[in-house]
Trainee: 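Provided herewith is a single structure, encoded as structure tokens, for subsequent inquiry.
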Amino acid sequence: MASELQQLRFNPPQSNASDESSAKDDHPLLNSDSPAVADQDSDDLHQNYAPFVRRDVYGTMGRGELPWMEKLLLAMALLTIVPIRVVIGMTLLVLYYTICRVCTLFHDPNRETDEQEDYAHMVGWRRSVIVWTGRFLSRAVLFVLGFYWISEVYRIPPNGDKSTDENEGQEKSQESERPGAIISNHVSYLDILYHMSSSFPSFVAKRSVAKLPLVGIISKCLGCVYVQRESKTSESKGVSGVVSERIREAVKNSSAPMMMLFPEGTTTNGEYLLPFKTGAFLSKAPVLPYILRYPYQRFSLAWESITGGRHFLLLLCQFVNHMEVIRLPVYVPSPEEKDDPKLYANNIRRLMAKEGNMMLSDIGLPEKRVYLAALNGIPRQC
């Protein structure tokens with residue numbers, strides 16, 4: 001298995017992006033006096049938006065011209081493993097939905113605001129059943145999707161890197177304090193399944209998720225914090241407050257679920273780290289960094305620059321899929337980092353980029369939307 005993984009493609013291209021540029025709030029690629037993105041040369045377009053570029057056999061947006069052997073493999077998969085995976089996957093989803101329904105019968109949800117309700121604060125046998133069956137079935141779903149083996153590495157950075165404090169008092173703090181949040185890079189929706197199988201944390205999700213069939217009740221059992229992504233009202237402050245409160249609660253109470261946060265705010269192709277949002281670091285609590293990678297030979301599992309339906313279908317068609325996980329030690333913030341969430345976020349980001357062999361980029365979700373619009377031939381509005 002090790003020799004196979006070494007052959008898999010995970011060689012990020014070189015980039016000129018500087019980690020110091022993450023402190024900038026401006027977005028030069030969105031300047032109104034620059035030429036329309038849709039008119040850019042294809043090579044320039046992919047270079048300017050490198051964190052969102054697909055580099056697999058299937059090409060841009062998964063619509064490239066495939067060799068005949070790849071077409072043959074797809075045809076075989078569609079007739080054999082795809083129907084089996086769909087049936088088993090749906091069975092596992094319905095099974096867990098049923099378990100969540102039974103465990104939440106005659107139990108009122110916890111309500112933190114008018115829009116936030118969850119079952120993550122239940123105790124006793126109900127909570128134990130939800131957590132342990134959720135972890136087991138999440139791993140079962142990953143197995144069904146072709147992740148027969150997941151490489152997990154616990155990596156301790158050199159002493160020169162800031163992950164633990166050198167003074168005695170802070171070493172004791174690291175030993176005694178439980179991290180309040182898991183911080184991870186974001187590559188695919190598969191990240192969520194892995195973290196559910198690993199630690200069953202609470203996530204930040206769109207408000208519409210709570211109303212989805214089957215998934216809605218599961219998200220409430222996870223303790224998801226619901227947000228309206230496009231909202232610019234004062235509600236965002238309320239969400240940040242709920243997240244910070246949940247993180248602090250997880251530090252103090254070992255039975256409370258940790259928060260799972262993707263501070264980049266969107267997915268990448270796995271070769272880059274985007275600037276981190278500071279919301280995950282406002283609580284001043286210790287965090288647990290994770291790095292997820294998906295080595296591949298044919299199809300990149302990064303949910304990037306491709307529609308969800310096409311990505312999921314091609315995922316089902318892969319006979320074997322690979323995932324590598326790097327877990328770093330609990331990161332206890334220094335007094336300076338506690339006073340400056342931006343410094344805290346940038347230091348975590350640089351550490352993860354170094355340990356995960358990723359490059360730092362200064363672009364984010366706004367540029368991603370411009371790139372996707374260009375791929376779809378939509379003229380950019382200045």
Trainee: Take C224 and V209 through the test side chain to side chain contact (heavy atoms under 4.5 Å, CB included) and record every step on the way to the result.
Mentor: CA-CA 9 Å; C224 286; V209 171; 5.9 Å; no
Trainee: Using modelled atom types only, decide if a donor and an acceptor are shared between the side chain of R85 and the backbone of V144 within a distance under 3.5 Å.
Mentor: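 Side chain of R85 to backbone of V144: a pair is present.
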Trainee: Looking only at atom types and distance, does a side-chain atom of N48 sit under 3.5 Å from a main-chain N or O of D44, one as donor and one as acceptor?
Mentor: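 Yes: the side chain of N48 pairs with the backbone of D44.
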Trainee: Could you tell me the separation between the CZ atom of F143 and the CZ atom of R139, rounded to the nearest 0.5 Å?
Mentor: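 Going from the CZ atom of F143 to the CZ atom of R139 covers 7.5 Å.
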Trainee: Give, for atom CZ of R126 and atom CZ of F106, the distance between the pair rounded to the nearest 0.5 Å.
Mentor: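 Nearest 0.5 Å value for the CZ-CZ distance: 8.5 Å.
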Trainee: At their closest point, which heavy atom of N269 faces which heavy atom of F52, and how far apart are they?
Mentor: ND2-N, 4.0 Å
Trainee: For D56, is there any backbone N or O sitting under 3.5 Å from a side-chain donor or acceptor partner on R298?
Mentor: no
Trainee: Take M260 and S184, measure what side chain to side chain contact (heavy atoms under 4.5 Å, CB included) needs, and give me the verdict at the end.
Mentor: CA-CA 8 Å; M260 171 69 245; S184 175; 3.3 Å; yes
Trainee: With clusters defined by side-chain heavy atoms of hydrophobic residues (ILVMFWY) lying less than 4.5 Å apart, directly or transitively, does V87 cluster with L145?
Mentor: no
Trainee: Membership question, hydrophobic clusters at under 4.5 Å side-chain separation (ILVMFWY): are I84 and L142 in the same one?
Mentor: yes
Trainee: Short question: side chain of R327, backbone of L288 - any donor-acceptor pair under 3.5 Å?
Mentor: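 Judged by distance alone, no pair lies under 3.5 Å.
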Trainee: Are any of the side-chain heavy atoms of P201 and P257 separated by less than 4.5 Å?
Mentor: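 SC-SC contact between P201 and P257 ruled out.
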Trainee: Does the distance from a Lys or Arg side-chain N to an Asp or Glu carboxylate O, for E337 and K284, drop under 4.0 Å?
Mentor: no
Trainee: For residues T267 and E304, is any side-chain donor paired with an opposing acceptor at under 3.5 Å?
Mentor: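 Indeed, the side chains of T267 and E304 share at least one donor-acceptor pair under 3.5 Å.
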Trainee: Does the ring center of Y331 lie less than 6.0 Å from the ring center of Y344?
Mentor: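 Yes; Y344 has its ring centre under 6.0 Å from that of Y331.
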Trainee: Main chain of L372, side chain of N376: is a donor-acceptor contact present, judged purely on distance under 3.5 Å?
Mentor: yes
Trainee: Can a salt bridge be assigned to the pair E355 and R350 using a cut-off of 4.0 Å between side-chain N and carboxylate O?
Mentor: no
Trainee: If every non-hydrogen atom of V57 is compared with every non-hydrogen atom of E70, which pair is closest and at what distance?
Mentor: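 Closest pair (atom of V57, atom of E70, distance): CG1-CG, 4.5 Å.
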Trainee: Do you know the tightest heavy-atom contact between I363 and P275?
Mentor: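 Shortest heavy-atom separation between I363 and P275 comes out as O-CD, 3.2 Å.
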Trainee: How about V330 and P179: do any of their side-chain heavy atoms sit closer than 4.5 Å?
Mentor: yes
Trainee: Between Y272 and M358, which heavy-atom pair has the shortest distance, and what is it?
Mentor: O-SD, 4.1 Å
Trainee: Which value, rounded to the nearest 0.5 Å, describes the distance between I192 atom CD1 and S138 atom OG?
Mentor: 10.5 Å
Trainee: Decide yes or no on side chain to side chain contact (heavy atoms under 4.5 Å, CB included) for L72 and L74, but give the supporting numbers first.
Mentor: CA-CA 5 Å; L72 178 60; L74 285 176; over 6 Å; no
Trainee: For the side chain of R246 and the backbone of A181, is there at least one donor-acceptor N/O pair under 3.5 Å apart?
Mentor: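 Looks like no, no N/O pair under 3.5 Å.
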Trainee: Just verifying a value: how many Å separate R310 CZ and T307 OG1, rounded to the nearest 0.5 Å?
Mentor: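 Result: 5.5 Å between the selected atoms.
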Trainee: Are V82 and C317 close enough that some pair of their side-chain heavy atoms sits under 4.5 Å apart?
Mentor: yes
Trainee: Describe, in one word, how the ring planes of H311 and F299 are oriented to each other, choosing from parallel (under 30°), tilted (30 to 60°) and perpendicular (over 60°).
Mentor: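 Tilted: the ring planes of H311 and F299 meet at 30° to 60°.
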Trainee: Do E271 and R55 have side chains that get closer than 4.5 Å, going by heavy atoms?
Mentor: yes
Trainee: To the closest 0.5 Å, what do you measure between CE (M76) and CD1 (I81)?
Mentor: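 If we round to the nearest 0.5 Å, M76:CE and I81:CD1 are 9.0 Å apart.
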Trainee: Going through the distances and angles, do Q318 and N321 end up as a side chain to side chain contact (heavy atoms under 4.5 Å, CB included)?
Mentor: CA-CA 7 Å; Q318 307 304 305; N321 290 303; 3.3 Å; yes
Trainee: Please answer whether the main-chain N or O of L292 pairs with a side-chain N or O of N185 as donor and acceptor at a distance below 3.5 Å.
Mentor: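 At least one qualifying donor-acceptor pair exists.
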Trainee: Less than 4.5 Å apart, side chain to side chain, heavy atoms only: is that true for L351 and N347?
Mentor: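 Sidechains of N347 and L351: no contact.
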Trainee: Does Y96 use its side chain to pair, donor to acceptor, with the backbone of I130 at less than 3.5 Å?
Mentor: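 Yes; judged by distance alone, with no hydrogens or angles, the pair exists.
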Trainee: Do I150 and V153 belong to the same hydrophobic cluster, where Ile, Leu, Val, Met, Phe, Trp and Tyr are linked whenever their side-chain heavy atoms lie under 4.5 Å apart, directly or via other members?
Mentor: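 Each belongs to a different hydrophobic cluster.
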Trainee: With side chain to side chain contact (heavy atoms under 4.5 Å, CB included) as the test, pick out the partner of I291 among L328, I183, V325, V187.
Mentor: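 Single side chain to side chain contact (heavy atoms under 4.5 Å, CB included) partner of I291 among L328, I183, V325, V187: L328.
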Trainee: Scan side-chain atoms only and decide if T266 and E264 contain a donor-acceptor pair under the 3.5 Å cut-off.
Mentor: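 Note: T266 and E264 side chains miss the donor-acceptor criterion.
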Trainee: For a 4.5 angstrom cut-off between non-hydrogen side-chain atoms, does W149 reach M323?
Mentor: no
Trainee: Using the ring centroid of each side chain, check whether H195 and Y290 are separated by less than 6.0 Å.
Mentor: yes
Trainee: I'd like to know if F276 and L282 are part of one continuous hydrophobic network [Ile/Leu/Val/Met/Phe/Trp/Tyr, side-chain heavy atoms within less than 4.5 Å].
Mentor: no
Trainee: Return yes if a side-chain donor-acceptor contact under 3.5 Å exists between T268 and K368, otherwise no.
Mentor: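 No, no side-chain donor-acceptor contact under 3.5 Å.
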Trainee: In Å, rounded to the nearest 0.5 Å, how long is the span from CD1 of I182 to CE of M259?
Mentor: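 Taking CD1 in I182 and CE in M259, the distance rounds to 10.0 Å.
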Trainee: Would you say L137 and W132 are hydrophobically clustered, going by side-chain heavy atoms of ILVMFWY under 4.5 Å?
Mentor: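 As far as the 4.5 Å side-chain criterion goes, W132 and L137 are not connected within one cluster.
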Trainee: Count the heavy atoms belonging to other residues, nucleotides or ligands that lie under 6.0 Å from CH2 of W125, then report whether that count exceeds 12.
Mentor: yes
Trainee: Using atom types as modelled and distance alone, determine if a side-chain donor or acceptor of S244 lies under 3.5 Å from a backbone N or O of G241.
Mentor: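 No, the answer is negative, given that no donor and acceptor are paired below the 3.5 Å cut-off.
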Trainee: If you measure only the distance, is there a donor-acceptor pair under 3.5 Å linking the side chains of Y58 and R54?
Mentor: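 Checked: Y58/R54 side chains show no N/O donor-acceptor pair below 3.5 Å.
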Trainee: Counting only heavy atoms not in Y148, do more than 12 fall under 6.0 Å of its OH?
Mentor: yes
Trainee: Check Y226 against S219 and note the closest heavy-atom contact, atom names and distance.
Mentor: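 What the structure gives for the nearest pair is OH-OG, 2.7 Å.
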Trainee: Identify the two heavy atoms, one from R349 and one from L273, that lie closest to each other, and give their separation to 0.1 Å.
Mentor: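 Heavy atoms only, the tightest pair is NH2-O, 3.0 Å.
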Trainee: Any side-chain heavy atom of L274 within less than 4.5 Å of one from P51?
Mentor: yes
Trainee: I'd like to check F200 versus T133 (side-chain heavy atoms, cut-off strictly below 4.5 Å). Are they in contact?
Mentor: no
Trainee: Checking Y294 against D191: is there a side-chain donor and acceptor pair closer than 3.5 Å?
Mentor: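 Their side chains do contain a donor-acceptor pair, which is all the 3.5 Å distance test asks for.
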